[in-house]
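Okay, so here's the structure we're looking at.
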There are 2 protein chains.
Amino acid sequence: MPRLDESLLTHLPPFDGLSRTDIRRILDGAVSRRFEIGADIFREGEPADRFFLLLDGYIRVVRSTEAGEQITVLHIPAGQLFGIARAIGRETYPGRAVAAAECIVLCWPTGLWDDFTRQYPGFSLSTARTVGVRLGEIQSRMQELATLHVEARIATALLRLITQTGRPTEAGVEIDFPLTRQDLSEMTGTTLHTVSRLLSAWQREGVVQSQHRRITVLDRARLEACAQHRG
Amino acid sequence: MPRLDESLLTHLPPFDGLSRTDIRRILDGAVSRRFEIGADIFREGEPADRFFLLLDGYIRVVRSTEAGEQITVLHIPAGQLFGIARAIGRETYPGRAVAAAECIVLCWPTGLWDDFTRQYPGFSLSTARTVGVRLGEIQSRMQELATLHVEARIATALLRLITQTGRPTEAGVEIDFPLTRQDLSEMTGTTLHTVSRLLSAWQREGVVQSQHRRITVLDRARLEACAQHRG
DNA sequence: CTCAATCTTTGAGCAAGCGCAAAGTCCGAC
DNA sequence: GTCGGACTTTGCGCTTGCTCAAAGATTGAG
């Protein structure tokens, strides 16, 4: 494995402000791995013996019901720690982490968590913040599920996606990884049929453009208007 | 104010295992307060300058949408810390805490948080666990909202309530504080009308018994069956 | 006791969105 | 190229649960 470059970490919240030697030491404890689209990074219920930093890509964390339905509880954009069950005192991962795009991650054994916490002063606060942000996000999504109609929920989901991973094109903003109707339905608590119908309608109106597993938002303002509609 | 008794804390997770003098010191930094039913303990967006331990009662944490709808994101049973926005790096409370029953709380200024964390070894891990449990709960509720029908969601909510605060009576298990149809609808993302209709139906079938703001579950097994029904 | 406020019940009509089904399309493997 | 699998589209019928409306019940204040 190639030696990892220190600049990978110097600007990320949990590590910024650390000395070169500290960062060198942190990197030397890490393993870098690549995951193809659709690959599982960890599974629900597995012992949480590693934690990760997402260098590049996009991850979704899903939970399954007993009936086999999946719902996406969380999205993780590049630059964030994840799989930090340890930080909240859990022994196992509470969900399955799937690579939504091709992902490059750094991976440490959980044992190092306590070392990092002890040795690097800002680390603990920084990860607490990460947890806090996630808690807030989940609460927002819960609120959306409880109060918004399907149309507004899907609009919100698309807006979130283009904000986090959008790539500008000549026509609009494209979501930077393949996304099925099924995926969107799992994010919004609906069915792939309803998502398909809605995207078709939006396409007819020129709000979005979509081919096979590719979605481009053409008219962001219109989506925002949809997202406002209360149910 | 009467001097607080040390036995209040000796068996609660964040403090168990501490010496009498430590507990004495912790109690001396606390203020004890009482809140009537319906009173706000803190409000959404207020600076998080205090944190709390719920000695007795029951609290619900609600968030409001711009349209004024409220949804309950969390319930806190007696014995738990709450208002610990500080532990997750937040400056303000992310929701409103309402006394669902009459509540007795201990209250510390946020400044002491760091002291506790530094001085009492288990405190930090214990609060991290609390955060972890809450995150898990919220994810479960999100999953329910996304996948279950209203009937199953209300059944689940009732079961949770009688588990956390149920008081056995001759007929069944009564929820130990006043609870309106509106409250239940805010917990389950539906309307008070639907809740009312459903409770009426259940009452006809002998599953629950309810008068004004009082609900008793007579047939727990039947509710559990309802909660299983997928939608 | 009386009144007002809050909470609850119930009806009727309606629309959102689901389930089912079938056909069409795209893509990668070979 | 061709084949199979995964993904998408669309129609139709129907159920769930919402909205609107109005009346009844319970409680607490004065």
Side-chain angles (χ1 to χ4, degrees), chain A residues 36-38 65 67-71 98 100 102 144-158 175 177-205 208-216 226 229-231, chain B residues 36-38 65 67-71 98 100 102 144-158 175 177-205 208-216 226 229-231:
Chain A
E36 299 297 328
I37 289 179
T65 65
E69 293 154 305
Q70 311 236 328
I71 75 139
V98 185
E102 185 173 316
E144 284 162 22
L145 273 173
T147 62
L148 297 182
H149 274 198
V150 167
E151 183 182 28
R153 301 209 299 267
I154 297 177
T156 307
L158 286 180
I175 293 169
F177 55 85
L179 187 72
T180 66
R181 310 296 188 247
Q182 175 80 33
D183 291 337
L184 264 174
S185 74
E186 286 173 2
M187 294 170 56
T188 51
T190 179
T191 64
L192 78 163
H193 307 282
T194 301
V195 173
S196 177
R197 271 180 255 272
L198 209 45
L199 286 181
S200 297
W202 280 339
Q203 177 139 345
R204 251 173 271 130
E205 298 168 26
V208 306
Q209 170 78 38
S210 84
Q211 300 94 41
H212 187 72
R213 313 219 287 172
R214 287 276 153 202
I215 298 177
T216 305
C226 283
H229 276 308
R230 348 230 83 256
Chain B
E36 299 298 328
I37 289 180
T65 65
E69 293 153 305
Q70 312 237 327
I71 75 138
V98 185
E102 185 172 318
E144 285 162 22
L145 272 175
T147 62
L148 298 182
H149 275 197
V150 167
E151 183 181 28
R153 301 210 299 267
I154 296 176
T156 307
L158 285 180
I175 293 170
F177 54 85
L179 187 72
T180 66
R181 311 297 187 246
Q182 173 80 31
D183 292 337
L184 265 173
S185 74
E186 286 172 3
M187 294 169 57
T188 51
T190 179
T191 64
L192 78 163
H193 306 282
T194 301
V195 173
S196 178
R197 270 182 255 271
L198 208 45
L199 285 181
S200 297
W202 279 340
Q203 176 139 346
R204 252 173 269 130
E205 297 168 27
V208 304
Q209 170 79 36
S210 84
Q211 300 94 39
H212 187 74
R213 313 217 289 172
R214 287 277 154 200
I215 299 178
T216 304
C226 284
H229 277 309
R230 349 229 81 255

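Order of the sequence lines fixes the chain letters, A, B, ..., with proteins taken first and strands second; residue numbering starts at 1 for each chain.
Side-chain atoms of Ser196(B) do not come within 3.5 Å of backbone N or O of His193(B) as any donor-acceptor pair. With hydrogens and angles ignored, the 3.5 Å screen pairs a side-chain donor or acceptor of Thr188(A) with a backbone N or O of Leu184(A). With Arg153(A) contributing its side chain and Leu148(A) its backbone, the two residues share a donor-acceptor pair below 3.5 Å. The backbone N or O of Glu69(A) sits less than 3.5 Å from a side-chain atom of Thr65(A), completing a donor-acceptor pair. Under the 3.5 Å distance criterion, the side-chain polar atoms of Thr194(B) are left unmatched by any main-chain donor or acceptor of Thr190(B).
Leu192(B) has its CG atom 10 Å from the P atom of dT19(D), to the nearest Å. To the nearest angstrom, C1' of dT25(C) lies 17 Å from CZ of Arg214(A). Put simply, NE2 on His149(B) is 13 Å from C1' on dA16(C), counting in whole angstrom units. Here the P atom of nucleotide dA16(C) and the CD1 atom of Ile154(A) are 14 Å apart, to the nearest Å. Atom CD1 of Ile37(A) and atom P of dC27(C) are 14 Å apart (whole Å). The separation between Leu145(B) atom CG and dT16(D) atom C1' is 16 Å, rounded to whole Å. The CD-P distance, from Gln211(A) to dA6(D), rounds to 22 Å in whole Å. Atom CD in Glu69(B) sits roughly 11 Å away from atom P in dC18(D) (whole-Å rounding).
Leu199(A) comes within 4.0 angstrom of no nucleic acid atom, judged by non-hydrogen atoms across all strands. Across all strands shown, Ser196(A) has heavy atoms under 4.0 Å from base atoms, whether or not it also approaches the sugar-phosphate.
Taking side-chain N and O atoms only, Thr191(B) has a distance below 4.0 Å to OP1 or OP2 of dC18(D). For the OP1/OP2 pair of dT8(C) and a distance below 4.0 Å, the side-chain nitrogens and oxygens of Ser200(B) include no atom meeting the criterion. Note on Thr194(A): a side-chain N or O is less than 4.0 Å away from OP1 or OP2 of dC18(C). Considering only side-chain N and O atoms, Arg181(B) lies under 4.0 angstrom from the phosphate OP1 or OP2 of dT8(C).
Below the 3.5 angstrom threshold, one finds no donor paired with an acceptor across the side chain of His193(B) and the base of dT19(D).
Of the candidates dT8(C), dG17(C), dT16(D), dT8(C) carries the atom nearest the Arg213(B) side chain, counting heavy atoms from C-beta on. Side chain of His212(B), nearest nucleotide from dC26(C), dT9(D), dT26(D): dT26(D). Distance from the side chain of Thr180(A) is smallest to dC7(D) among dC7(D), dG17(D), dT8(C).
In this structure, Gln182(B) and Arg197(B) both approach DNA chain C, and ranking their closest nucleotides by distance from the 5' end singles out Gln182(B).
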